[in-house]
Amino acid sequence: MATDTNRFDRDREAEKDAATRQALAEIAAGRVVSAEAANAWIESLGTDHPLPMPEPGQ
């Protein structure tokens with residue numbers, strides 16, 4: 001049982017590491033959305049005129 005738990009923990013850590021590396025590559029490539037654009041989009045949700053989801057570079 002402990003072996004299965006350890007394998008699960010290692011797999012989960014490997015997935016988190018891969019996701020972190022992917023996120024850092026996206027940032028390095030400039031594929032990010034500004035906090036201002038994200039916040040404006042979030043604040044528009046549920047209103048009569050929601051904004052489209054921001055695109056990288058905004």
Heavy atoms only: give me the nearest Pro50-Leu45 pair and the separation to one decimal.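 In terms of heavy atoms, the two residues are closest at CB-CA, 4.5 Å.
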Under the rule for side chain to side chain contact (heavy atoms under 4.5 Å, CB included), what residues qualify as partners of Leu51, not counting sequence neighbours?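 Counting only residues at least two positions away or on another chain, Leu51 forms a side chain to side chain contact (heavy atoms under 4.5 Å, CB included) with Ala40, Trp41, Ser44.
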Salt bridge or not between Arg21 and Asp17? Use side-chain N to carboxylate O under 4.0 Å.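 Yes, charged N to carboxylate O under 4.0 Å.
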Glu26: which residues meet the side-chain hydrogen bond (donor to acceptor under 3.5 Å, both in side chains) condition with it, sequence neighbours left out?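 Gln22, Arg31.
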Nearest-0.5 Å distance, OG1 of residue Thr20 to CD of residue Glu13: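 Reported value, rounded in 0.5 Å steps: 9.5 Å.
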Single-linkage hydrophobic cluster Val33~Ile42, side-chain heavy atoms < 4.5 angstrom: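 Hydrophobic grouping puts Val33 apart from Ile42.
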